[in-house]
Every structure is written in structure tokens, then in C-alpha cells.
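Here is how names work: the chains are called A, B, and so on, in the same order as the sequence lines, proteins then strands, and each is numbered from 1.
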There are 2 protein chains.
Amino acid sequence: MTTINDIARLANVSRSTVSRCLNDNGYVSEDARKRIMEVIEETGYMPSQSAKSLRTKKTGVIGVILPKISTETASRVVSGINDVLQANQYQILLTDTSLQKTKEIEFIRLLQSRNVDGIILLGTNKDQELIQAIDQAQVPVVVLGQEIPVTTSVVYPDAQATSHMIEFMLEKGYKKIGFIGAPETDPAVGITRKKAYKETLAKHAISYRDEWVQTGDFAIESGYEKMKQIMEESKDQRPDSVFVVTDNMAVGAIQYIKEQNMQIPKDIAVAATGASTLSQYIEPSLTTIDFLNEEAGATTAQCLLDAIDGKKARKKMEHTYRLLIRNSV
Amino acid sequence: MTTINDIARLANVSRSTVSRCLNDNGYVSEDARKRIMEVIEETGYMPSQSAKSLRTKKTGVIGVILPKISTETASRVVSGINDVLQANQYQILLTDTSLQKTKEIEFIRLLQSRNVDGIILLGTNKDQELIQAIDQAQVPVVVLGQEIPVTTSVVYPDAQATSHMIEFMLEKGYKKIGFIGAPETDPAVGITRKKAYKETLAKHAISYRDEWVQTGDFAIESGYEKMKQIMEESKDQRPDSVFVVTDNMAVGAIQYIKEQNMQIPKDIAVAATGASTLSQYIEPSLTTIDFLNEEAGATTAQCLLDAIDGKKARKKMEHTYRLLIRNSV
DNA sequence: TTTATTTGTGGTATCGATTCCACTTTCGGT
DNA sequence: ACCGAAAGTGGAATCGATACCACAAATAAA
């Protein structure tokens with residue numbers, strides 16, 4: 001591997017001059033610059049980032065912690081993050097917790113030892129240990145998807161969007177709205193959305209029925225199971241519609257409903273959250289909440305870059321959303 | 001930031017001893033080890049990877065070059081890669097070319113300047129410049145998805161699987177099989193699969209008809225367009241089935257067929273490639289080729305690790321596949 | 001007891017860059 | 001013709017680790 005010393009020797013200058021030339025700071029004569037560039041061209045020299053960042057304390061690398069990469073939401077978010085980072089000459093160091101919460105903390109430490117300039121965490125919980133790890137981090141950390149007090153977080157408008165969708169269903173004439181939620185370990189999805197569902201019903205003086213409400217685990221199969229449970233446990237008084245907190249579970253729910261030879265949305269309407277590709281092409285196409293994941297990722301990345309540049313606002317940013325009205329409601 | 005020198009000072013030893021202790025090589029007394037560990041615990045010290053890798057020439061980072069991360073195939077492959085790498089203490093440095101071929105070469109250089117220990121490239125072409133860049137790389141490069149002569153490549157059994165699927169269709173009684181392919185810039189998908197289609201027809205003495213064959217651009221919409229073209233250009237003698245080289249385009253094709261009020265597979269059967277989630281839940285569920293992307297990613301990662309360990313076989317590995325027989329054929 | 005060998009430790013060079021400082025040369029202004 | 005500033009360059013310290021080497025102390029073998 002050729003180093004800056006080789007370049008200096010071949011171009012007959014000192015390595016200080018080469019460095020100055022490459023970083024465009026300080027004075028370098030046209031003559032010297034030309035010779036240096038030629039030698040670099042010939043040798044195909046590339047400066048060692050390890051050496052550079054040892055000296056400058058900057059790596060140009062951002063750590064990203066994901067619950068699961070092979071998920072449409074995650075990969076979309078990463079895509080948005082990447083767009084912004086790449087435009088700013090940063091690269092992504094990827095880690096995947098496989099949904100293990102302890103790994104989130106582990107990776108925050110690992111990434112720091114790898115000298116990343118900042119960390120983006122797709123949040124799945126608000127555990128005290130996690131908050132502490134974030135608080136103690138030596139580099140900026142921005143969280144997407146959960147509101148974390150000690151740092152900047154970009155959150156989805158879970159409450160607002162859920163409420164909006166429920167009201168849309170009410171307007172459409174559905175008054176017996178069921179709900180398939182997620183575990184409370186995930187505050188944003190598990191708690192906030194359910195709370196918004198309940199509150200919106202209350203606001204419109206619609207009674208809440210326990211047997212219409214179930215909690216799934218994000219898997220498509222779980223949507224199927226929970227829908228089945230709702231229907232079986234409420235034979236006397238069935239819901240006329242159901243709001244599901246993820247598209248995937250909604251797909252499972254639809255599968256069950258179809259198997260029972262019921263019509264969507266005539267016999268039972270289904271609304272969901274996520275705007276997955278699948279939601280668009282399933283039969284019937286799903287009315288769902290689009291959280292614009294790429295955009296959210298981009299925003300998060302921009303927040304991190306701002307934080308790195310010292311504009312540490314430690315703010316909470318609520319992202320936008322839109323309702324995709326299709327054929328399931 | 002606390003460094004190894006701080007630890008040495010606080011534990012009353014030299015930094016050599018701290019290093020030996022941390023890397024478990026050379027002799028360290030129980031007494032010294034205990035003191036060092038205590039100090040490390042107290043300070044939360046983490047060794048700087050920049051310094052470490054400047055010295056050792058190893059970063060523990062693998063560069064991954066993707067055509068597009070927000071794609072089910074890519075994210076699945078990355079998931080498989082990550083499983084293997086994480087188990088071996090490696091991290092992924094992610095880059096995304098947004099399908100620009102020049103960026104592949106750019107990233108090969110960029111990743112090297114970032115001192116990655118190896119590179120995995122999800123191949124989209126076999127251009128001479130790319131092959132040259134791979135050949136000149138200073139670190140092992142393993143390519144997935146295209147056969148590149150100068151290095152180890154893991155390839156999907158495009159020909160075999162396509163042929164298998166066409167024969168399955170023939171057995172089912174479809175003799176007028178159309179084809180929606182991809183551009184020839186992608187040799188594996190664009191050339192190999194089409195060649196296998198033609199050869200399999202020939203083998204069974206079935207004539208090939210130009211107006212039943214179209215080339216799309218991977219997008220769902222393009223599948224729709226190309227299916228439309230086939231149907232409109234062959235009004236006199238329509239195909240009774242079509243093989244599509246990606247699931248997404250098949251989804252588009254199905255959409256068009258449904259719009260024409262034709263039945264699948266009764267009026268026209270559709271077979272595809274990719275085993276996407278979508279293919280499973282669309283109506284009718286797609287008969288498709290599953291290339292087991294996670295597994296392919298894992299295999300590729302393992303090949304790279306082998307290459308890093310000096311077992312540079314420079315071999316071609318053909319991955320497995322399976323046919324998923326569902327309801328569209 | 002003497003001689004090897006094992007165990008334990010610190011000193012120092014090194015990896016490949018950046019950056020500050022000192023020094024020389026060139027040049028414009030008076 | 002002189003002086004001060006700008007332009008151009010190299011030397012040396014530094015970043016935070018590793019690893020080789022020399023050496024001392026403890027232990028084992030003769």
C-alpha cells in the first residue's frame with residue numbers, strides 16, 4: 001500500500017506539502033501541486049482513513065442501529081438516511097439487533113469504540129438502561145420512532161395519525177371499531193396508538209369493548225390469530241371494522257376474514273398502518289397510514305448532522321404522515 | 001476520551017501491560033490484571049479502533065455495495081451477510097449505488113481507503129472497468145449474483161431454476177409460454193434467464209415467438225406495460241402463460257390481466273422469480289422461484305471470511321433454489 | 001549452588017496521516 | 001533600496017494503539 005510518504009518522496013516534496021495539497025489548506029505552489037497530483041494518479045494512492053481519523057478524531061462514519069434490516073420499514077428508513085449521509089460524504093456502519101434490546105446498548109458502545117461521528121437508533125423501547133446509555137454516549141445520538149428525553153428524537157405522529165384514521169372510519173359510518181395492537185414494550189406502537197384509539201372513541205362517545213381489542217406481535221400470522229380471536233370472542237356483537245397498528249398484521253387479519261367468506265369492507269372493514277408495498281397490491285388494497293419512512297430517515301440523518309455540527313438542539317421532531325385511502329374501508 | 005495511557009497511569013503499569021492484558025497475549029500477573037480491569041470498569045474505557053487498525057491493518061469492517069437497499073432482495077441478502085459477519089465480530093459498512101454503475105467502482109475505491117478488510121458486491125453487471133477494479137483491489141472482493149472471473153463469486157442458479165420452472169409449466173400443459181425479461185446490462189437476469197427460457201423451449205420442440213417476449217425494467221409498472229404489450233401484439237395467437245424474471249414485474253402483469261377480466265391461471269398462468277412476501281399474499285398467490293436470499297448472503301459472507309483468512313480459492317459457487325408452487329400456474 | 005527457563009514488566013519504534021512552527025524566498029509598496 | 005507581508009516548504013510532535021526487545025525476578029532443573 002502506498003502511503004503519503006511514498007507520494008512525498010516520488011514528488012520530491014515533504015509529506016507536509018502533500019497533506020496540504022490534498023486538504024487544500026495552506027500554500028502549495030502550482031508546480032508542486034502538479035507533480036503531486038501526477039504521482040497520486042500514477043500510484044492510485046488513497047489516504048488511509050485509519051491514520052487520518054486517529055489524528056483528526058473524525059471518521060466520516062455514522063453508526064445505524066436497526067431492530068431488523070430485512071423489514072420494509074427499516075430498509076426504507078436506511079435508504080433515506082443513506083441519501084442524506086452520502087450527499088455529505090458520510091458512510092453508514094450498520095448493526096442489527098435482531099430485536100434484542102440488550103444489543104441496542106451493546107451496539108451504542110461498540111459503535112463508539114469504532115469512533116463513529118454519530119449514531120442513529122431506530123428505537124423500539126424506552127428502557128431506563130437504554131436512555132442512560134444514550135445519555136452517556138460521547139457522540140451525538142438521534143433516535144427515530146420513540147421519544148427519548150435525553151437526546152434529539154424524530155417521532156412518527158402515532159397519536160395524531162391513528163386518531164385521524166379512526167375518525168375517518170367513523171365518518172364512513174363504522175361505529176363498531178375493533179383494534180389489533182402491539183406489545184407495550186414498544187411505547188410508540190404499543191401504547192401511544194392504543195391510547196389514541198381509545199381516546200378517539202371516547203371523544204365521539206363510542207363505547208370501548210375489551211373483546212374487540214387484541215395485541216399481536218407484528219408477524220402476519222399473529223394478525224390472523226388475533227382477528228380470529230376477536231371474531232370468536234364476540235359472536236353476539238361483532239365489530240364492523242378493525243384498525244390494525246401494522247400493515248403486516250392487517251394482511252393476516254384480511255386472510256382470516258377472507259377464509260370466513262366475509263367481504264371487505266362490506267362485512268368488516270380493515271384499516272392499517274405502514275403503507276407497505278404489500279398493502280397496495282393485496283386484495284382489497286389496504287387503507288393505511290403512510291409514515292413516509294424514507295423522508296423520516298432523511299430527516300433523522302439531517303438532525304444528526306446538525307448535532308455533529310454543534311447545533312445540539314435536543315429537540316423532539318414530529319414527522320408528517322398521510323392517509324392512503326384505498327379499498328379496505 | 002480516556003486512552004490506554006490513562007489506564008496505564010491509573011493502574012500503575014505501562015501501556016504495554018495494558019495492551020497485553022486486553023489482547024490476552026504475553027504475560028500479565030493476576031495482580032496487575034485485576035487493577036487494570038478495575039480502572040477500565042471505572043472509566044468506561046474503550047480502545048480506539050482507529051489507532052488499533054492503523055497499527056494492525058485490520059478494521060473488522062466489511063464493505064457491502066448494494067444496487068439499492070430499499071429492496072426486499074437486497075435487505076434479505078444483507079440480513080444473511082450480517083448474521084455471519086456479526087458472529088465473527090465484523091461490522092458492515094454499507095454503500096448504495098442507486099443503480100449507477102460508475103458508483104460501484106467508486107465505492108470499491110472508497111471502501112479501500114476506509115481500510116475495510118474485505119468487500120461484498122451485489123453484482124448488477126460485468127463491465128470491463130468493474131472487473132478491472134475488482135482485480136486491482138488490495139482486499140478480497142466477493143461478488144454475489146454475477147459470475148466475475150477474477151474473483152470468488154456466488155451465483156444464483158439462474159439457468160437451472162428458469163429451466164426447471166419452464167418445464168414445470170410445460171408439464172402442467174402450458175405450451176404457449178410468454179416471457180417478460182430484464183435488460184441485458186444485467187447478464188445474470190437479463191441474458192442467462194432468457195437464454196434458459198429459449199433453450200428449454202427448444203429442448204421440448206416448442207417454437208419461440210418474438211411477440212410473446214418483452215423486456216421490462218424491474219418496476220411493477222413495467223410488468224404491467226409489458227404484459228399489455230404482449231397481449232395487444234398477439235391478438236391472433238395469445239400465450240396461455242408467461243414467465244416473468246422478477247416477482248415485482250409479475251405483480252404488474254397480474255394487475256393488467258385482472259383488469260382485462262381474465263382468470264389466472266385459467267386464461268393465462270403466471271410464474272415468477274424471487275419469492276417476495278408480496279408474491280405470497282397477492283391474489284392469486286404466485287408460483288415463483290425462491291433463491292433463498294438470506295442463505296445466499298450468508299454463503300457470500302462466509303466466502304469472504306475464507307478469502308480474508310488466506311483460503312483464496314477464487315471459485316465460482318452456485319447457490320441453491322427451490323420452486324414455490326402456489327396458485328398462479 | 002548454579003544454570004536454565006518461565007513469568008512479568010517497561011521502553012521504544014512504528015503505523016500514516018495532520019498541524020503547528022520556523023525558516024526561506026518572492027513580491028509589492030514607499 | 002529597504003521593509004514587511006504573503007507565499008511556499010520542511011521538520012517534528014502528535015494521535016492511541018501494538019509488538020518487539022531487553023531485562024529483572026521467580027521458579028525449576030541440574
- Looking only at D:dT18, D:dA12, D:dG10, the nucleotide nearest the A:R15 side chain is D:dA12
- Indicate whether any N or O donor in one side chain lies under 3.5 Å from an N or O acceptor in the other, for A:T59 and A:N115. no
- Task: Let me have a per-nucleotide readout for nucleotides 21-26 of chain D, 5' to 3', with B, S or -, counting only protein heavy atoms under 4.0 Å.
- Result: ------
- Residues B:V77 and B:Y156: closest non-hydrogen pair is CG2-OH, 3.8 Å
- Any donor-acceptor pair under 3.5 Å linking the side chain of A:T97 with the backbone of A:L99? yes
- Message: What is the separation between atom CZ on A:R9 and atom C1' on D:dT9, rounded to the nearest whole Å?
- Response: 19 Å
- Note on the structure: Among the nucleotides D:dG10, D:dA19, C:dG10, whichever has the atom closest to the side chain of B:T17 is C:dG10
- Item | Single hit among B:I148, B:V64, B:L130 for side chain to side chain contact (heavy atoms under 4.5 Å, CB included) with B:L121 | B:L130
- May I ask you to evaluate whether B:N23 reaches the phosphate of D:dT18, defined as a side-chain N or O under 4.0 Å from OP1 or OP2? yes
- Query: Can you list, by residue number, the residues of residues 26-44 of chain B that have a non-hydrogen atom closer than 4.0 angstrom to DNA chain C?
  - Reply: B:Y27, B:V28, B:S29, B:A32
Protein-nucleotides 23-27 of chain C N/O pairs closer than 3.5 Å?
none

- Query: So, does the side chain of B:S16 form a donor-acceptor pair with the base of C:dG11 at under 3.5 Å?
  - Reply: yes
- Message: We want to know whether B:Q91 and B:N82 form a side-chain donor-acceptor pair, criterion being a heavy-atom distance below 3.5 angstrom.
- Response: no
- If you look only at pairs with a residue in residues 100-125 of chain A, which of them pass as a salt bridge (charged side-chain N to carboxylate O under 4.0 Å, His left out), with sequence neighbours excluded? A:K101-A:D127
- Task: Starting at atom CG of B:D24, determine the distance to atom P of D:dA19, rounded to an integer number of angstrom.
- Result: 13 Å
- Message: Quick check on contacts: within residues 45-60 of chain B, what sits under 4.0 Å from DNA chain C by heavy-atom distance?
- Response: B:L54, B:R55, B:K57
- Item | Euclidean distance, atom CG of residue B:N115 to atom C1' of D:dA17 [Å, nearest integer] | 15 Å
- Query: In whole angstrom, what separates A:N25's CG from C:dA17's P?
  - Reply: 15 Å
- Item | Donor + acceptor pair across side chains of A:T56, A:S53 (<3.5 Å) | no
- So how far off straight is the helix from C:dT1-D:dA30 to C:dT30-D:dA1, going by the axes through five pairs at either end, to 10°? 30°
- Taking only the side-chain nitrogens and oxygens of A:S14, find out if one of them lies under 4.0 Å from OP1 or OP2 of D:dG10. yes
